[in-house]
Number of protein chains: 2
Amino acid sequence: MSDATDSRQPRKLTMQDVARAAGVSPMTVSNCFRYPERVQEKTKSQVMKVAAELGYVPNLSAGLLAAGSSRVIGAVLPSMRNSSFYRYTVGLREAAAERGYAVITMIAETPAEELAAAQTLLGLRVAGLALIAGPHARELKRLVELSGTPVVEAWAGEDAIGRGVSYDVGGASSALTRHLIAQGRRRIGFVDVAGGGGMRYSMRLPAFRREMFAAGLADDLVMTVRAADGFGAGAQIIDDFLARDRRIDAVLCPTDVVAAGAIFECNRRGLSVPGGIAVAGWGDYDIGRQITPTLTTVAPFSDAIGRGAVSILLGDEAQRRGAPLLTAFNILPREST
Amino acid sequence: MSDATDSRQPRKLTMQDVARAAGVSPMTVSNCFRYPERVQEKTKSQVMKVAAELGYVPNLSAGLLAAGSSRVIGAVLPSMRNSSFYRYTVGLREAAAERGYAVITMIAETPAEELAAAQTLLGLRVAGLALIAGPHARELKRLVELSGTPVVEAWAGEDAIGRGVSYDVGGASSALTRHLIAQGRRRIGFVDVAGGGGMRYSMRLPAFRREMFAAGLADDLVMTVRAADGFGAGAQIIDDFLARDRRIDAVLCPTDVVAAGAIFECNRRGLSVPGGIAVAGWGDYDIGRQITPTLTTVAPFSDAIGRGAVSILLGDEAQRRGAPLLTAFNILPREST
DNA sequence: TCCTAGAATTGTAGCGCTACAATAAAATGT
DNA sequence: ACATTTTATTGTAGCGCTACAATTCTAGGA
């Protein structure tokens with residue numbers, strides 16, 4: 001409690017102070033900030049000048065309490081360990097800013113942290129909540145739905161909390177698998193991710209299997225990693241695949257980071273990429289363009305996912321229901337395959 | 001305005017509702033959440049059970065308005081393009097959570113965006129504001145100081161907004177330069193960063209120069225990059241340094257990402273690292289441990305910087321003044337030098 | 001059984017802003 | 001010049017919670 005006391009502002013500046021200094025009523029100050037078109041230009045200039053001189057910052061909490069609405073969107077991210085969600089957040093921020101909203105972000109690396117983050121953001125009465133597909137605490141869905149706050153789950157499909165926004169993950173997996181087959185690859189390893197990241201990962205393996213089956217190829221070379229955000233997993237799966245089948249000629253990785261790790265491991269083993277084994281990544285991270293060989297990858301339009309999320313959150317009620325909003329993706333063939 | 005209307009909660013649940021359902025007064029509900037030790041166990045269990053069943057989430061905005069204090073710290077990050085600030089945010093979150101606070105983050109890639117983010121966070125009346133050293137909008141310092149909100153600037157020194165939290169950047173630069181010299185390097189290139197990132201970068205070059213002077217070596221091989229978060233800069237500086245002096249035998253880079261980019265470029269040119277040219281990075285990113293050769297780097301204790309920031313923000317008034325809080329760093333010699 | 005002290009619960013006013021309504025001032029029409 | 005309409009400004013009550021105060025309840029002692 002004493003901690004809370006210490007954060008009390010030493011000098012509280014309110015609309016009353018600005019009003020007194022500008023010779024108008026507090027309501028006029030409020031209207032200058034909230035409904036500027038209702039105030040005469042001369043009056044408004046005077047008020048805003050005084051406000052700036054005093055360093056007045058409107059209290060958003062009081063504003064949202066009185067107005068019953070907020071201009072802030074809350075986003076929960078599972079990781080910022082690498083650039084997985086960089087473009088997504090760019091899309092969120094730009095789309096929100098275009099509508100006069102701000103985005104506040106909380107990082108949550110476990111389902112329990114995600115639940116706590118959601119509670120904080122709901123407590124701040126954000127205008128909308130943007131989640132990312134992944135394992136959720138059991139109570140999250142209920143909590144969010146009972147709150148009545150608009151919610152989207154990016155990278156999620158039909159089973160999303162709120163509405164899903166994603167791209168055709170299965171379609172991308174199919175296309176990438178077909179690309180490897182078209183390159184002449186016949187013993188293709190698939191790297192799955194344990195614990196689920198929701199549709200980010202779960203739709204990929206079935207699609208891979210369908211394409212392998214359709215091409216009359218075996219689909220048995222599947223390895224699972226615990227997390228998809230570290231280079232180390234890439235090194236490990238090269239070890240594991242080669243122990244399983246020395247004839248393996250391609251690996252399809254869950255992210256560009258894992259793929260880069262796999263390529264580094266191949267380099268360390270003197271294994272030629274793509275001559276001896278092709279490596280494909282996912283996500284079109286920066287690193288994929290810089291390593292040698294440059295990395296073949298799936299490029300989701302992550303910024304479009306972010307924009308789509310905002311348009312759902314701030315759109316009308318009907319937009320918050322229905323089938324997942326799907327955005328585009330590209331297969332980017334590069335040197336590694 | 002119609003946008004704001006649509007974000008109105010369809011069903012508002014307040015302490016009144018919980019109180020009615022639990023057969024107590026709203027003040028008792030408030031005390032259960034705020035001062036649980038003031039409520040009898042039997043009463044508290046009943047109230048919390050009802051609250052959970054109803055899906056009640058306390059309105060933090062109303063709470064902070066009434067209490068005059070917040071349990072939320074605001075952090076502004078300049079980038080999440082790579083893992084620069086990952087460990088820093090871990091330190092922030094952990095230290096805040098230990099004291100019952102949450103951290104909300106805003107990403108701001110330009111000084112104007114940083115100013116807007118600071119305004120939003122001040123408007124939310126966060127308990128404290130954690131900035132990161134870099135070019136700031138001119139009005140930022142005044143705005144933050146007038147607000148009376150506790151503020152720290154991580155990676156900043158004596159000229160910090162609020163108090164600085166950092167490590168001895170000059171000391172690290174000296175130590176890394178001495179390491180290269182001790183390895184027998186004599187033509188050492190230094191990569192500076194344009195536009196400043198505050199003390200994150202500005203203390204490095206003078207320290208480099210002092211060490212080179214003290215060793216009787218030339219300090220003329222200095223290149224400047226616009227940003228330190230992309231691999232491409234690393235490739236470019238290898239080009240540029242070799243055009244300047246083919247005898248160059250080491251490069252000291254501003255981040256591990258730039259250093260990795262430089263190593264990739266040396267690989268592409270068939271230039272041996274460290275046989276032909278040593279490469280040192282900065283920041284101990286994941287990638288430094290994965291590439292071949294593994295990367296020599298400076299490891300700041302970024303999580304300690306985050307923890308230090310929180311202890312200042314939530315500490316007493318005296319802790320918010322004074323010399324920058326300095327944390328440790330390590331030089332991590334690896335294969336690249 | 002009555003009194004006192006401490007614990008538990010509840011009451012009151014207000015935090016800073018704003019939706020909606022009321023009033024005042026300015027502009028337009030006869 | 002006066003009446004009416006439109007524009008600009010201001011007044012009121014309340015958003016959901018809580019600091020502080022007041023009241024009620026419970027337990028222990030005389």
Side-chain angles (χ1 to χ4, degrees), chain A residues 1-9 11-20 22-47 51 54 56-72 122-125 147-148, chain B residues 1-9 11-20 22-47 51 54 56-72 122-125 147-148:
Chain A
M1 307 308 114
S2 62
D3 286 335
T5 306
D6 284 344
S7 74
R8 196 180 300 255
Q9 287 186 288
R11 186 180 68 116
K12 279 200 238 274
L13 205 50
T14 72
M15 280 178 183
Q16 294 270 23
D17 302 305
V18 178
R20 248 185 315 263
V24 297
S25 78
M27 263 319 302
T28 299
V29 176
S30 179
N31 280 325
C32 286
F33 280 93
R34 187 81 174 169
Y35 301 108
E37 71 284 352
R38 291 187 191 173
V39 183
Q40 212 177 20
E41 190 57 47
K42 183 179 177 229
T43 309
K44 186 169 58 177
S45 298
Q46 169 69 358
V47 169
L54 293 176
Y56 171 70
V57 177
N59 185 327
L60 295 187
S61 298
L64 93 82
L65 185 59
S69 62
S70 169
R71 291 290 177 78
V72 177
L122 293 175
L124 289 172
R125 300 298 194 261
S147 79
Chain B
M1 306 308 112
S2 61
D3 287 333
T5 305
D6 284 345
S7 72
R8 196 179 298 256
Q9 286 184 283
R11 186 179 71 118
K12 279 200 238 275
L13 204 51
T14 73
M15 281 180 183
Q16 294 269 24
D17 302 305
V18 179
R20 254 190 306 267
V24 297
S25 79
M27 262 323 300
T28 299
V29 177
S30 179
N31 280 323
C32 286
F33 281 93
R34 187 80 172 172
Y35 301 107
E37 70 284 354
R38 291 186 190 176
V39 183
Q40 213 177 17
E41 190 58 47
K42 184 180 177 228
T43 308
K44 186 171 59 177
S45 299
Q46 169 70 357
V47 168
L54 291 176
Y56 172 71
V57 178
N59 185 328
L60 295 187
S61 298
L64 92 83
L65 185 61
S69 62
S70 170
R71 290 289 177 78
V72 177
L122 293 176
L124 288 172
R125 299 299 193 264
S147 78

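Below, chain A is the first sequence line, B the second, and so on; all start at residue 1.
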Atom pair distance, as rounded to whole Å: NZ in B:Lys42 and P in C:dA7: 20 Å
Phosphate-side-chain proximity, A:Ser30 and C:dT18, N/O vs OP1/OP2 below 4.0 Å: yes
Atom-to-atom span, CG of A:Leu60 to P of C:dC17 - whole angstrom: 10 Å
D:dG16 phosphate, OP1 or OP2, under 4.0 Å from B:Ser61 side-chain N/O: no
Contact under 4.0 Å: A:Ser25 side-chain N or O vs D:dT9 OP1/OP2: no
Length of the CG-P vector between A:Leu64 and D:dC17, whole Å: 12 Å
d(CE, B:Met27; P, C:dA13) in whole Å: 15 Å
Under-4.0 Å side-chain N/O to phosphate OP1/OP2 contact, B:Tyr35 with D:dA19: yes
Along DNA chain C (nearest heavy atom to each residue), the more 5'-positioned of B:Leu65 and B:Pro26: B:Pro26
Any B:Gln16 side-chain N or O less than 4.0 Å from OP1/OP2 of D:dG16: no
Nucleotide of D:dT9, C:dC15, C:dA19 approaching A:Thr43 most closely (side-chain heavy atoms): D:dT9
Evaluation steps, side chain to side chain contact (heavy atoms under 4.5 Å, CB included), between A:Asn59 and B:Leu65: CA-CA 9 Å; A:Asn59 185 327; B:Leu65 185 61; 4.0 Å; yes
Listed nucleotide nearest any side-chain atom of A:Val24, set D:dT18, D:dT10, C:dC17: D:dT10
Contact under 4.0 Å: A:Tyr56 side-chain N or O vs C:dC17 OP1/OP2: yes
From D:dA19, C:dC17, D:dC17, nucleotide with atom closest to A:Met15 side chain: C:dC17
Intermediate values then yes/no, side chain to side chain contact (heavy atoms under 4.5 Å, CB included), B:Val57 and A:Arg125: CA-CA 9 Å; B:Val57 178; A:Arg125 300 298 194 261; 4.2 Å; yes
Distance (rounded to the nearest 0.5 Å) between A:Met27 CE and A:Arg38 CZ: 7.5 Å
N/O (side chain, B:Arg125) to phosphate O (OP1/OP2, C:dG16) under 4.0 Å: no
Nearest-angstrom distance from the residue atom CD of B:Glu37 to C1' of C:dT9: 14 Å
Side chain to side chain, B:Val18 and B:Val47, heavy atoms closer than 4.5 Å: yes
Rounded distance in Å - CZ (A:Arg38) to C1' (D:dT7): 12 Å
Spacing between B:Asn59 atom CG and D:dC15 atom C1', to the nearest angstrom: 9 Å
Any donor-acceptor N/O pair, B:Thr28 side chain to B:Val24 backbone, under 3.5 Å: no
Distance below 4.0 Å between A:Gln40 side-chain N/O and D:dT7 OP1 or OP2: no
Donor-acceptor pair, side chain of A:Thr43 and main chain of A:Val39, under 3.5 angstrom: no
OP1 or OP2 of C:dT9 under 4.0 Å from side-chain N/O of B:Thr28: no
Proximal nucleotide (of C:dC17, D:dG16, D:dA19) relative to the B:Arg34 side chain: D:dA19
Atom-pair distance (CG on B:Asn31; C1' on D:dA19), nearest Å: 10 Å
